[in-house]
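Keep in mind it's a predicted model, so treat the numbers as computed, not measured.
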Amino acid sequence: MKFARVLVDRSGGSALDYSIPPELEGRVGIGSRVSVHLRNRQELATVIELLDETDVPGIRPLDKLVTERPILGPNLLRLARWMGDYYCCPVETAMRAVLPQVVRKGDAFKQRLAARLTRPVDDALIAEMEKRAPKQAAIVETLRGAVAEGTENEPPDTRQPGFMPVGVLLKQAGSDRGSLMALTRKGLVVLESEIVGRDPHEGETFIHAAPHELNAEQAAVFEQVCRALDKPEKPILLHGVTGSGKTEIYLQGIQRVLDRGQGAIMLVPEIALTPQTVERFKSRFAAMQREVAVLHSHLSEGERHDEWHKINDGRARIVIGARSAVFAPVEKLGLIVVDEEHENSYKQEDPPRYHARDLAVVRGNLEGCVVLLGSATPSLESFHNSQSGKYQLLRMTQRIDDRKMPYFRIVDMRMEGSPEKGPAIISEKLRQAIEARLERKEQTILFLNRRGFSTSLSCEKCGYVAKCPNCSVSLTFHRAENRIVCHICGHTAIAPAKCPECKDPGIKYSGVGTEKVEETVSRIFPKATVRRMDADTMTRKEAYREALSAFRSRKIDILLGTQMIAKGLHFPNVTLVGIVNADISLRLPDFRAAERTFQLLTQVAGRAGRGDVEGEVFVQSFTPHHPAIQFARHHDFEGFAEQEIEWRKQWEYPPFTKMVLITGRSPHEERGRFSMETLARRLRELLPPNTTIADPTPAPLEKSHGNYRFHLMLRTHSVLKLSRALREVLAKLTFPEDVTVTVDVDAYQLM
Ligand code: ADP
Ligand code: ZN
């Protein structure tokens, strides 16, 4: 092959051809990272094709190879292309997600010099050396203590010499570089520069945790998983209630894959990627701890680089990580697990706006491996796929040890509160339930997904409402700082004591946030220890850990917080969960509002009664008969799904169609609207069949960060065709400079 077609990292999207110079012949492969000349600049690029000929005139040679071996396998390259086509974004944008920035640059290896004996050395030789060259003898003696990995437990004469970093060696031996060099000249010692892996978990030891013996339900599911591993056919959806032992299935599935000499990726939502989760994995695979790579957003660039290469070189075969781990370059991939597959955090909200669960399915297809999606509340998309036969559905209906599901009590808030005191925050029934827990020394969790003290501030006299100057939302009052804050753009001002318009002192704070619940609960239960966990109190990482450990050791009676406490936490002493206001998520202008509420209630309820005592869940709501609440109460996912799917079908919402949301933003309202109307008109001419387009409308969040926002919603049965049409139209249209247009395929964020 004489030519390479490359994608330049920073370019408009077209592929460019370069010739392969003789010195690089045979070393350039698909996926190689190279540097090329483009418009008088050195640019980094990825080889996407090798060609025998090209008709491009005036072709130039590649400058050099950035890394010796191809860094992107053919399947990941295909995945990147598919992303570009499907999510309607340039391939380089997709590539940026597939290859971490620090890997693309290709030079962040941390290297150090290490020394090793070339052969085993006996005492006699050292004694001999000591007479003539004591400093050399000291080095040899120290190096004898370094044993190669994997031979530590063998008898002394078969142990292989191991490497020691030169700095450490000279210090321990009390010797110098000159003596070391003398030894290398004699051929007794070799020096090598070794790549130092920055293991984020270095120095921690994990005690091996043996697999559990599977119960009957798990065993039946596991058998199906093993059958799929032998002969991958279609993705598996594992619907298992909270605590039914899904994670155990994942762990044993991964073990099975390793036994077959393959690797595995385990995706978890970022918020669930806690030390607890990682520990559970590292403990199960303690014997091969170094083979477990962890990818999450808190890694330093260096750590990310090292973890990535550890996987790419095959030194790590198990990858656990948040959504971007779906791109982990695992060789011989046998299994991709997506835990909590319904989680919205799998959707990336910046370009490329991919959904990691969907990419897992696409990648599984490319690699011919098994994809296992698990959840207690599957997304309706996945559930629908299992109904239509696209996925295989497996169920686990019992909690381990037959623990009971928590008991739901719905509190009709229309009956609470009084005209004098206004609406109640904690109903009488919930109050009694908390009191009973305090008496029995059991713990309570209260959930409210809204920060701050009051969520709106208005003047009853003149009708003034405190609104953000940049966004179309009310400002939230934060009492601790005595400020009013915009939760969208962060705009803040001192809380006014009287109405800024009419100067009336009777300005009214209303709407309840976590800060207010904290105050109320502390007032009702003065003796209880109450702790609030939300983005305002948990500004430091340690604060989060500290609060959880205090709660675990029962120093806190009532833990109160936002979604931060909704997921993945296990506290056996919690027997009561209160959902302060179930209506918040129900009222969102989003066709998934009911689905989200059902998921949220089920998830939060899963925190109750994990110990020996049955748990109780109190749901406070002004719409107590809403199906999302009623089905959650009866732990009836399938009942909920059936009804909700019927409704979606009637209105042609996903999963019956795919939704593509186009957002136009501009500081000028009219220009924004006009641009979107033009776009809609052009699109109508080119739309593939089975696609509907609505008129552009102001977005529910009409203004944000000073920009007016307009939505154009499309629904289609063929995303690939629609994406192609969209790309064509967008390429031809030029919008005014201050108008930005973004395309979100399979949108989840509809505000
Ligand atoms: P899920 O992921 O479905 O919520 P987990 O896998 O976390 O459930 O299991 C819940 C608890 O039960 C965990 O503490 C786990 O160690 C334990 N467990 C799982 N399977 C078994 C089993 N077969 N026997 C005993 N304990 C188990
Ligand atoms: Zn704002």
Side-chain angles (χ1 to χ4, degrees), residues 413-414 416-427 430-431 446-540 543 547 558-564 578 580-581 583-584 587-588 620 622 667 700-708 751:
M413 293 304 275
R414 293 172 301 187
E416 301 283 328
S418 60
E420 309 85 60
K421 289 200 227 150
I425 295 171
I426 303 289
S427 61
L430 179 54
R431 191 195 64 75
L446 294 179
F447 175 83
L448 179 68
N449 213 3
R450 217 186 230 171
R451 309 183 276 127
F453 192 83
S454 311
T455 50
S456 82
L457 182 67
S458 57
C459 173
E460 282 183 319
K461 209 155 181 192
C462 74
Y464 162 86
V465 179
K467 285 207 154 189
C468 176
N470 314 317
C471 312
S472 56
V473 295
S474 306
L475 296 173
T476 299
F477 173 51
H478 287 252
R479 201 174 65 169
E481 298 96 53
N482 193 36
R483 297 188 80 87
I484 45 179
V485 180
C486 171
H487 285 182
I488 302 287
C489 74
H491 167 89
T492 116
I494 295 197
K498 51 189 180 200
C499 175
E501 300 274 312
C502 72
K503 313 294 177 221
D504 188 82
I507 192 151
K508 195 173 148 232
Y509 290 82
S510 53
V512 176
T514 44
E515 211 182 338
K516 179 119 165 214
V517 177
E518 181 185 26
E519 184 215 55
T520 310
V521 172
S522 303
R523 190 163 34 77
I524 308 178
F525 307 106
K527 293 209 183 96
T529 317
V530 181
R531 179 75 65 93
R532 169 162 62 99
M533 284 182 78
D534 57 25
D536 298 318
T537 59
M538 299 291 128
T539 45
R540 291 169 308 121
I558 303 171
L559 183 70
L560 149 75
T562 53
Q563 67 225 31
M564 211 176 256
V580 178
N581 183 350
D583 304 329
I584 295 178
R587 277 201 303 258
L588 290 177
Q620 303 194 138
F622 284 91
L701 179 60
E702 282 180 48
K703 196 179 162 202
S704 147
H705 296 82
N707 281 309
Y708 291 90
M751 292 294 283

From Thr562 atom OG1 to Phe447 atom CZ, the distance as rounded to the nearest 0.5 Å: 7.0 Å
Shortest non-hydrogen separation from Met533 to Ala547 and the atoms involved: SD-CB, 4.0 Å
Derivation of the side-chain hydrogen bond (donor to acceptor under 3.5 Å, both in side chains) call for Arg532 and Thr537: CA-CA 7 Å; Arg532 169 162 62 99; Thr537 59; 5.1 Å; no
Gap between atom CD of Glu416 and atom CD1 of Ile425 - 0.5 Å precision: 12.5 Å
Min side-chain heavy-atom separation Leu446-Ile558 under 4.5 Å: yes
Which atom of Thr492 lies closest to which atom of Arg483, heavy atoms considered: OG1-NE, 2.6 Å
Separation between CD1 of Ile494 and CD1 of Ile484, rounded to the nearest 0.5 Å: 9.5 Å
Nearest heavy atoms of Leu457 and Tyr509, plus distance in Å: CD1-CE2, 2.8 Å
Exceeds 12 heavy-atom contacts within 6.0 angstrom, atom CD of Glu481: yes
Ionic contact status for Arg451 with Asp536, cut-off 4.0 Å: yes
From CD (Glu702) to CE (Met751), nearest 0.5 Å: 10.5 Å
Val512 vs Leu448 side-chain heavy atoms within contact, under 4.5 Å: yes
Closest approach of Glu515 to Ala480 (non-hydrogen atoms, all atoms of both residues): OE2-N, 2.7 Å
Stepwise side-chain hydrogen bond (donor to acceptor under 3.5 Å, both in side chains) check, Ser427 with Gln620: CA-CA 8 Å; Ser427 61; Gln620 303 194 138; 2.8 Å; yes
Heavy-atom pair with the smallest gap, counting every atom of Arg431 and Phe525: O-CZ, 3.5 Å
Shortest non-hydrogen contact between Asn482 and Phe477, atoms and distance: OD1-CE1, 3.6 Å
Qualifying residue for side chain to side chain contact (heavy atoms under 4.5 Å, CB included) with Ser704, from Ile488, Asn470, Val473: Ile488
Side-chain touch Glu518/Thr514, heavy atoms, less than 4.5 angstrom: no
Cys471 SG to His487 NE2 distance, which is reported to the nearest 0.5 Å: 11.5 Å
Cys486 side, atom SG; His705 side, atom NE2 - distance, nearest 0.5 Å: 7.5 Å
Any side-chain heavy-atom pair of Arg531 and Leu559 under 4.5 Å: yes
Pair Ser456, Ser510: side-chain N/O donor-acceptor within cut-off below 3.5 Å: yes
Test item: Asp504 side-chain N/O and Lys461 main-chain N/O as donor-acceptor pair under 3.5 Å: no
Side chains of Tyr464 and Pro500 in contact at under 4.5 Å (non-hydrogen atoms): yes
Exam field: side chain Lys703 to backbone Pro469, donor-acceptor pair closer than 3.5 Å: yes
